[in-house]
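Any value given below was found using the heavy atoms of this structure, including those in side chains, with hydrogens, waters and symmetry copies removed. Since we're looking at a predicted model, the values are computed, not measured.
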Amino acid sequence: MKHLLKDLDPFTETKIVGMYAKCGSLEDAYKMFDEMSERNLYAWSAMIGACTRERKWDEVVELFYLMMMEDGIVPDEFLFPKILQACGNSGDVETGRLIHGVVIKCGMNFQLRVNNAILAVYAKCGFSDLAKRFFDSMVLKDTVSWNSIITGYCQKGELEKARRFFELMREEGFEPSLVTWNILISSYSQLGKYDVVMEMMIEMQSCGILPDVFTWTCLISGFAQFNRKTEALECFEKMLLARVQPNDVTLISLLSMYASLKDLKKGRELHAWALKAGFGENLLVGNSLVDMYSKCAKVEAARQVFDMMLARDMYTWNSMIGGYCQAGYCGKAHDLFRKMRESDVKPTVITWNTLISGYMQNGDDDQAMDLFQRMEKDGHIKQDTASWNALIAGYLLTRNKDKALGIFRQMQSLCVKPNSFTILSILPACANLIAAKKVKELHCCVLRRNLDCELSVANSLIDTFAKSGNIKYSRTIFNSLLAKDIITWNTLIAGYVIHGRAVDAIELFNDMSHTELKPNRGTFVSVISAYGLARMVGEGNRIFSRMIEEHHISPCLDHCAAMVNLFGRSGMLEDAVDFINNMTIEPNSSIWAALLTASRVHGNIELAVYAGERLLELEPENALIYQLVLQLYALSGIPEDSFKAKEPRKMKDAKECLGWSWIEDENTVQSFVGGSQCQQINWVMHSWIKHMAPKSKRSDLSNGLPVEEEESEALSGVHSEKLAFAFALSKSSSASMCMRVVKNMRMCKGCHETAKFISNTYRREIYLCDSKCLHHFRDGHCSCNDYW
DNA sequence: CGTACCTGAG
């Protein structure tokens, strides 16, 4: 290959380079091109054409700048559109504007082809106003110009405007072409507006225009986007019936749908079809197949396709590496990664992130961290937000909240911008009472980055604020939203239920019925719970029936547990038992736990024993339940040796059966363990706690049965939450400060009384989340209405 | 010149 061009005249040189660019590999063409003694417009055009064929838009733009700067050659009316096409496809509006200026300067601004290409850049890049102004300034227009301006409005989602220009176009005497119809059909299809699409299909054909491969592929990819399998396949069949040959894009639209649905059977069928139809050597189809098999957990099949492929690009490698990671074979993924680095396709930021995420998901954070650090040094690729997100999501998966939050902090200190993925993974980690401050910080971060316009982020904030004890903020965000989905409503309704605010929850449910949104399973769980809180058994029963009959939702375990609570709160224990006996699904532990709470609060010890035994059957390993059943036996006089259950697993750590409480204090978390002498609390407070400790005897039925923690503090020492209360009171005297405490076990009745007392005497609001419920104490009352 | 487009975080 070397010096192939030696001693040739410029004309022959150009011809040879042109041939290589057209038929050979891009790499070879570059080699020849660099050897040329004199590079003229045609040589540059050949190179740019070669890059265009391989969709290397950035390289096209780079070649353009080199051509202008190094050789001082200005493109002609054929080359300008090629470069502009690259600008449009890579979103490079800057270069587009620059070319716009050059075109005016060299008097080419009357060339329709060139003007259309400039217009297309503005339209594709979403600058519809700029496009409109340019369009208006064009003296000569054709159908292509109209198509571009319509594309511009479609790109920005302004379909009504696009439609208006479509009409205007006809009025001005330009008949919409097949492409024009395709542009509109495609846009409506991507938005899932299938009724409009079908109307347009009919109208188009009545104009004598038959759908082509683009039209059908637009339809198929529109259905595929929303995982509408049957419709997509139907279109594919109709297309074949109409004798329109599908192309690679048609196939990859379907394959990517089967991949995301993990429909291996259909995927295989299409694979076979593709081979028969002669797509066996197609790069894009191959890539989609590797991805499909990877997502369907068939890595061997994916690898087979991978190995058979004649050419591979970054998609091929990334999909295969991702497949190995997904399957848990990080080692194999890493081997392939090494091979990729030796190949002519270099790892991209996605490759590195895929591998980092793979190691994190498989619990190897050392390897992941190593790669994270090496990607910049060895790979010359800067970590992006997704790289950081991979670490955060990984740590959260292994319940390593502190590490995840640490990474998040580091990310912020290095000024890496968090995106909605970051926020959506970090927020749930802060959905507790001792992270209230952190949640407010995150909210600020969301506002700064304008992430609140994403509904999923807003929904998550509503949820997190509720769980961190700031339901007011949840409401504020809810009210500020212009568009709400069913999740938005469900989240706030559930938030009110958590806070014991039944009336607000029910009111909100009624508000929702005035929208066009239909309540779903989750909505009904919350609403039944709300009626339970309000002790409106009749209403609760009615909504349960309406759910089944009017909304055709079959009750699941969560609905049933809510129903048991509904009866239980109102003391209708027989109804609760009847309900359980008539359940069509097998009760789980949350059903029996609900019955246990009901019988405990209402003092029915036999029923409590019954529920406790069922609970133990389902969770024989659970030492806390074991202990509880023993206590119940003692209270009801059943001899302990009649205990049929086998010994539960031993507590690994004494910590597990101790009562712990946590409170947030100046950005750190203070922990308290029951019965300890607390150094953080001064002696005045300590004596105050002792004074506060109720002089209750060992609990009896009227006092509620003990569940987890020994009620008598004379035996076990002062409970942890009291230490936390004392600490909080001694830290600040401001009554405006509310206390937020998290506790690992269910509160005992005595501490519950103490909290009520403090909330009244010291005018302090207290939020306390125990293992059963969120208590909100104010003015001597608790939001749980003494039922928990 | 204008239309469909495969890989990574929820």
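Comparing dT7(B), dA4(B), dA9(B) by their closest approach to the side chain of N419(A) singles out dA9(B). Side-chain proximity of S221(A) to the nucleotides dG10(B), dC5(B), dG2(B) is greatest for dC5(B). The L284(A) side chain lies nearest to dC6(B) when the options are dG2(B), dC6(B), dA9(B). Checked against dT7(B), dA4(B), dA9(B), the side chain of F421(A) finds its nearest nucleotide in dA9(B). For V349(A), the side-chain atoms get nearest to dG8(B) when compared with the rest of dG8(B), dG2(B), dT3(B). The side chain of T151(A) approaches dG2(B) more closely than any other nucleotide in the set dG2(B), dA4(B), dA9(B). Checking dG10(B), dC6(B), dC1(B) against every side-chain atom of D142(A), the shortest atom distance belongs to dC1(B). Looking at the side chain of Q225(A), the nearest of the listed nucleotides dC5(B), dC1(B), dG8(B) is dC5(B). Distances from the side chain of V144(A) to the nucleotides dG2(B), dA4(B), dT7(B) place dG2(B) closest. The side chain of V179(A) approaches dG2(B) more closely than any other nucleotide in the set dC1(B), dT7(B), dG2(B).
Interface remark: the S177(A) side chain does form a donor-acceptor pair with the dG2(B) base, using a distance-only criterion of under 3.5 Å. Judged by atom type and distance alone, S425(A) does not reach the base of dG10(B) through any side-chain donor-acceptor pair under 3.5 Å.
Between L427(A) atom CG and dG10(B) atom C1' there is a gap of 12 Å when expressed in whole angstrom units. One atom, CE of M309(A), and another, C1' of dT7(B), lie 12 Å apart when rounded to the nearest Å. As rounded to whole Å, 14 Å separates atom P of dC1(B) from atom CZ of F80(A). For N89(A) and dA4(B), the CG to C1' distance is 13 Å, given to the nearest whole Å. Atoms CZ (F306(A)) and C1' (dC6(B)) sit 14 Å apart, rounded to a whole Å. When the P atom of dG2(B) is taken as reference, atom CE of M169(A) falls 15 Å away, rounded to whole Å. Between Q326(A) atom CD and dT7(B) atom C1' there is a gap of 12 Å when expressed in whole angstrom units. To the nearest angstrom, P of dG2(B) lies 10 Å from CD1 of I183(A).
Residue-level contact check: A386(A) touches the bases, meaning some heavy atom is under 4.0 Å from a base atom. Within 4.0 Å (heavy atoms only), D291(A) reaches sugar-phosphate atoms of the nucleic acid but no base atom. Residue N282(A) is out of contact with every strand shown, counting any heavy-atom pair closer than 4.0 Å. Counting any heavy atom pair closer than 4.0 Å across all strands shown, N247(A) reaches a base atom. Within the nucleic acid shown, K141(A) has no heavy atom closer than 4.0 Å to any nucleic acid atom. Contact annotation for S456(A): base contact, defined as any heavy-atom pair under 4.0 Å involving a base atom. Contacts of S357(A) with the nucleic acid, taken as non-hydrogen atoms under 4.0 Å apart, are absent.
You'll find the side chain of V60(A) stays beyond 4.5 Å of the side chain of Q85(A), heavy atoms only.
Contact check on D335(A) versus K339(A) returns no salt bridge, with no Lys/Arg side-chain nitrogen under 4.0 Å from an Asp/Glu carboxylate oxygen. Note on E167(A) versus K161(A): no salt bridge recorded, every NZ/NE/NH1/NH2 to OD/OE distance being 4.0 Å or above. For K467(A) and D463(A), the salt-bridge test passes: some basic side-chain N is under 4.0 Å from an acidic carboxylate O.
Between F337(A) and W317(A), the gap from one ring centroid to the other reaches at least 6.0 Å.
The phosphate of dC6(B) has neither OP1 nor OP2 within less than 4.0 Å of any side-chain N or O from K295(A).
Between N318(A) and T351(A), the side chains place a donor N or O and an acceptor N or O closer than 3.5 Å (distance only, hydrogens not considered).
Residue side chain Y315(A) fails the stacking definition with respect to dT7(B), as its ring centre and the base's six-membered ring centre are not both under 5.5 angstrom apart and under 30 degrees in plane angle.
Taking the ring axis of F306(A) as reference, the NZ or CZ atom of R312(A) stays within 45° of it and closer than 6.0 Å to the ring centre.
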